[in-house]
Amino acid sequence: MTLKKENILIVDDDVNILELIQRHLYDLNYHSYKAISVKEAIQILKDTEIDLLITDLKMPEVDGFQLIKYVSEHFPALPKLVVTGYPSLHDAVDVMKSGAVDYLVKPFTKEELKEAVAKSFSQKLTKTTHNKVLNKTDKQSYGELIGSSKELKKVTEIIDRVKNNKATVFIQGESGTGKELVARAIHYMGKFARAPFIAVNCAAIPETLLESELFGYVKGAFTGADTNRNGFFQAANTGTIFLDEIGNASLAVQARLLRVLQEKEITKIGAQNATKLDIRVITATNSNLLELIQKKIFREDLYYRLTVVQIEVPPLRNRISDIPLLVDKFLFKYGLEYKDQFIKISIDALNILKRHHWQGNIRELENVVQQAIILADSNTIEVKDLPEYLKFKINFNETSFASLKEYEKKYILKVLEATGNNKSKAAEILQIDRKTLRQKIQ
Ligand SMILES: Nc1ncnc2c1ncn2[C@@H]1O[C@H](COP(=O)(O)OP(=O)(O)OP(=O)(O)O)[C@@H](O)[C@H]1O
Ligand SMILES: [Mg+2]
């Protein structure tokens, strides 16, 4: 007898039940995965194609109801079978409402399990032979990139155009906007995904080493070069090299890079012969290369080689509509990581996040959510859990012009008013020390 093609995931906090169900299923020729908590179950759901979920309801920390809700949202085609020791009517109604298809009361026989499993499979929504689960977040994300705004769509449309060719791509955007994630998406969403992806932060490697690290060297090329060595370019061959902070590359590195792009071949430092390269080059920067060109620290001819395809990653403040989706992702990720729970956020707190300016973009948002989860004393993030600097918004509706001094006075008074005359908070917002604030008040 060979195993049936379906994969079943069993979730229960009781290892004996897990073992028992798995043994029964094995006897029925089903392959199954076991998870002792909802957290583990979700990890398996993400990594594996599951065709049926069998779950307990009462579990410590995150319970089965929440798992069913999660699965209904993210894998709507996945059938669910509830196994419980508490067959109260109240529970049954809740289970039906939450979208479970069938219900098995402990203790049960192998025969009863067999029937319930068969029934669940027969009620499956999709009838395709290969039941790939529908992922609801598909429309709201592109690989790892979360968002459904038209600004992000523009980015993903370009990714779609370039992911299957090896055109040189240049990614520009403020710090923390997701440039590296875009580079990874180009590589991993396309047909070269199995080839290497090598990310090099040009700002993190000392200038004197960058050239040899990138291009490799032959023995004797310089003092200390006692073997032949490959660089990042050779390592990334057939795949993608991602050169982050390209504005930091020295003129020597730029000259070599230009040759690589022109000739599609590479010469190790000290070598006579070049070797052919088949590589996609992606570069990124948050600085303005045109300014660096004017200052003569970046080669103009290289700039034009690098910018065959340009992607502008928009700052978060220009795609506010993505904020709730991103917050959701971070709540989910860090909630399970730090608190073993699904953490929520109040409307008021979310509104504060939506109106902030986000100088540090998604990285800053991620940090704020992370901190708030740690600080929150319930499973919902409230306004009080957010850092102070996010909370104050001062409206300036004056239309007449006034001197800087007058405005400074007015502004300080407004900040004091907004903070309820709390001088420490006001000083923090104004980014001056308390002593200076006191002097100004006088
Ligand atoms: N669209 C997105 N969806 C989900 N997470 C994102 C998205 N964009 C960025 N992030 C997350 O935000 C953080 C910053 O992203 P990334 O490192 O790609 O930014 P960057 O533009 O390269 O920043 P820097 O200029 O500082 O190097 C990462 O943790 C990343 O996972
Ligand atoms: Mg980066």
Side-chain angles (χ1 to χ4, degrees), residues 46 74 135-160 162-163 169-189 197-205 210 232 236 240-249 281-289 291-292 306-307 309-338 343 345 350 353-354 356-374:
K46 280 184 180 164
H74 291 81
N135 191 343
K136 184 195 162 202
T137 58
D138 272 353
K139 285 163 268 153
Q140 302 177 330
S141 65
Y142 184 99
E144 299 275 295
L145 289 167
I146 310 273
S148 58
S149 60
K150 61 177 195 311
E151 288 78 12
L152 190 70
K153 274 266 148 51
K154 256 197 230 157
V155 171
T156 58
E157 272 170 22
I158 303 177
I159 298 176
D160 269 330
V162 297
K163 65 185 183 188
V169 180
F170 176 71
I171 306 170
Q172 169 93 43
E174 287 178 17
S175 179
T177 45
K179 295 185 293 296
E180 176 151 2
L181 229 47
V182 168
R184 288 181 187 276
I186 293 171
H187 180 80
Y188 287 106
M189 302 299 281
F197 174 91
I198 306 270
V200 185
N201 185 342
C202 299
I205 300 175
L210 186 60
F232 289 123
T240 305
I241 189 163
F242 172 52
L243 303 173
D244 204 355
E245 313 286 354
I246 187 67
N248 287 63
V281 178
I282 304 180
T283 56
T285 181
N286 54 27
S287 45
N288 185 339
L289 285 193
E291 269 173 23
L292 301 186
L306 293 179
T307 52
V309 176
Q310 291 208 49
I311 298 182
E312 187 77 36
V313 187
L316 186 55
R317 77 190 76 89
N318 291 355
R319 45 183 181 119
I320 295 170
S321 65
D322 289 338
I323 288 180
L325 289 174
L326 287 160
V327 168
D328 255 6
K329 176 198 153 131
F330 299 138
L331 284 175
F332 181 69
K333 179 173 169 201
Y334 295 110
L336 286 181
E337 190 173 326
Y338 296 135
I343 303 286
I345 186 165
L350 185 62
L353 298 184
K354 283 204 278 195
H356 183 61
H357 194 69
W358 298 116
Q359 210 68 41
N361 293 293
I362 297 170
R363 183 173 298 114
E364 184 186 2
L365 176 67
E366 186 169 354
N367 288 340
V368 164
V369 173
Q370 218 171 325
Q371 271 180 32
I373 287 174
I374 294 168

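Just so it is clear, the model here is predicted, and its values are computed rather than measured. Atoms within a ligand are numbered from 1 in the order they appear, just like the ligands themselves. Note that these values count all heavy atoms, side chains included, but never hydrogens, waters or copies made by symmetry.
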Throw together a table of side-chain donor-acceptor distances under 3.5 angstrom for residues 323-335, partners on residues two or more places apart or in other chains.
unit_1: Tyr334; atom_1: OH; unit_2: Glu366; atom_2: OE2; d: 2.5

Without placing hydrogens or testing angles, list every side-chain donor-acceptor pair under 3.5 Å for residues 174-181, not counting sequence neighbours.
unit_1: Glu174; atom_1: OE1; unit_2: Arg317; atom_2: NH2; d: 2.9
unit_1: Glu174; atom_1: OE1; unit_2: Asn361; atom_2: ND2; d: 3.0
unit_1: Glu174; atom_1: OE2; unit_2: Arg317; atom_2: NH1; d: 3.2
unit_1: Thr177; atom_1: OG1; unit_2: Glu174; atom_2: O; d: 2.7
unit_1: Lys179; atom_1: NZ; unit_2: Gly173; atom_2: O; d: 3.1
unit_1: Lys179; atom_1: NZ; unit_2: Glu174; atom_2: O; d: 3.0
unit_1: Glu180; atom_1: OE2; unit_2: Arg184; atom_2: NE; d: 3.4
unit_1: Glu180; atom_1: OE2; unit_2: Arg184; atom_2: NH2; d: 2.8

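By the 30° and 60° cut-offs, the orientation of the rings of Tyr188 relative to Phe197 is tilted.
A search for side chain to side chain contact (heavy atoms under 4.5 Å, CB included) contacts involving Lys154 returns nothing, not counting sequence neighbours.
Near ligand 1, residues Glu144, Leu145, Ile146, Glu174, Ser175, Gly176, Thr177, Gly178, Lys179, Glu180, Leu181, Asn286, Leu326, Ile362, Arg363, Glu366 each place a heavy atom inside the 4.0 Å sphere around the ligand atoms.
More than 12 heavy atoms of other residues, nucleotides or ligands sit less than 6.0 Å from atom CD of Gln310.
Asn248 contributes no side-chain N or O that, together with a main-chain N or O of Cys202, makes up a donor-acceptor pair within less than 3.5 Å.
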